[in-house]
Amino acid sequence: MDQIKIYNSFSNNIEDFKPVNKPYLIGMYTCGPTVYSFTHLGHLRTYVFEDVFKKVLIKNEFLVEHVMNTTDIGQLTSDSDTGEDKMERQAKRENKSVYQIANFYTKDFLWNLKQLNINKPNILAPASLHIKEQINVIKKLETKGYTYKTSDGIYFDTAKIENYKTIFNQNKEDLKSDERIENAFEKKNSTDFALWKFSPKDEKRQMEWKSPWGIGFPGWHTECVAMAFKYLGNYFDIHCGGVDHIPVHHPNEIAQAEAITGRPLSKYWVHFGFLLKNNEKMSKSSGGFVRVIDLINLKINPLAYRLFVLNTYYRKTADFSIEAIQSSNNALNNLYAFSEKIKALKWLKLLRKIKFTNTKLNDKVLYNYYESFINALNDDLNTPKAIEILWNMTNEINKNLYSFNPVSVLKTLNEFDSVLSLDIVKHKTDKIPWKIKLLAKKRFILKKQKKFELADKIREQITNSGYQINDYQTFYTISKI
Ligand code: AMP
Ligand code: ZN
């Protein structure tokens, strides 16, 4: 197996993956959802890639400790630490408490993960349950002299981090923000960010806590640092998120970690490109988002979206279109039909109804496919190439059906699926009614007896009932139309 290589935004290079601490235990932190609205396909593109990356690491025999936060406080409508708190605003809109909102949308998020076979993180940590840890981070920053006070909170002085403006090799212009902002006159630098915001004097917030600086709430950029320190230590292996975190959120996390530990929190910083809709990032705020439930209502298997995502390269953007997902749905059904056929062959082999030849030799061919599949994934997570290898393998097997051991084929498909998670072998097929099974058997016998006219009539009867017979040289399968 080739060495894992991954593009590290921190160095702007594709690097060999070498763990930081214990050779086999990988710490992985992924920025989670702000739980004030439904999870949409845009978020899920990032979560699918994170899931695949994790499964690739596991295939390479690493153990992965995966931590994700849910943001249920402190994310304001503007990146410049102004505007409304998104959670409090939604609570007002829905006439519910912030806790109810967080609970409801966290459940929705988890449901979505399940639909796409995305494994849950080992630790899913809400920011509101880690206030003490965030206060501790701010205290450390204060002791080391990185903070200052304004009329609305405690701020981080980004000028004190020498390389702040070149983190991720960005242009200074790219960094937020010289926008006009309410408290700009009090900020020392436009890139400074709030660590602790004071509750407004004339308003009682639902989520606020006592702190050494007064009643208020932590700024959004501190929660990930506090939770990563707590669960993964001061310096760990991988930190992931969408590319929207490159300009502000991740540099701010790195700045805090650098100030406290002298290290940039994580060794590898991995970012995923956006899912676009009408040439814009699919987002909660733009309103034009599509959810898994919308796919289900269109009778599209949610895993077709997973396949759609895997067919695109993680560092590029992908354009959403329902047609493209529908065509992934067809491709997924073809994959399922293929595995059904192999299952049928397995039984025929067991019952010694078919003779197989050369299977030992082809076990090696299957292994070679598996090896190139893993190598494609190890090569900077090249999922489109991995999928192409899967199709190449099915094509070759289809051409020589009776010289591949079906048990080995199913095993190989399962190996592929331990990363792809498309349910290739274990998918639920619609149960075929016994009447249809009986008719199919009758037709098969009639065909053998060369009574083709009668056999065709039965095929028509089966088709009219919504099923189709797929004929092969020595056997058949039945599937729903
Ligand atoms: P949010 O809840 O907006 O903080 O997003 C949670 C995660 O989903 C972050 O890692 C975002 O970068 C990612 N994300 C949000 N929208 C998209 C999108 N349209 N395409 C890809 N990733 C996204
Ligand atoms: Zn984060």
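Counting starts at 1 for both ligands and their atoms, following the listed order.
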4.0 Å heavy-atom contact, Gly32 with ligand 1: yes

Residues Phe17, Tyr268; criterion ring-ring contact (aromatic ring centres under 6.0 Å, His included); working and verdict: CA-CA 8 Å; Phe17 178 75; Tyr268 301 92; 5.0 Å; yes

Sub-3.5 Å N/O-N/O distance, Gly241 and ligand 1: no

Ring centroid separation Phe168 to His271 under 6.0 Å: yes

Which atoms of ligand 1 are found less than 4.0 Å from any heavy atom of [X]?
X	value
Gly273	21 (C)
Leu275	18 (C), 19 (N), 20 (N), 21 (C)
Asp244	11 (C), 12 (O)
Gly242	10 (O), 12 (O)

Suppose we only count N/O/S atoms under 2.8 Å; would [X] qualify as near the Zn ion (ligand 2)?
X	value
Cys31	yes
His249	yes
Glu253	yes

Best match, His245, Glu280, His43: closest heavy atom to atom 9 (C) of ligand 1: His245

Test: Lys59 and Glu415 ion pair at under 4.0 Å: yes

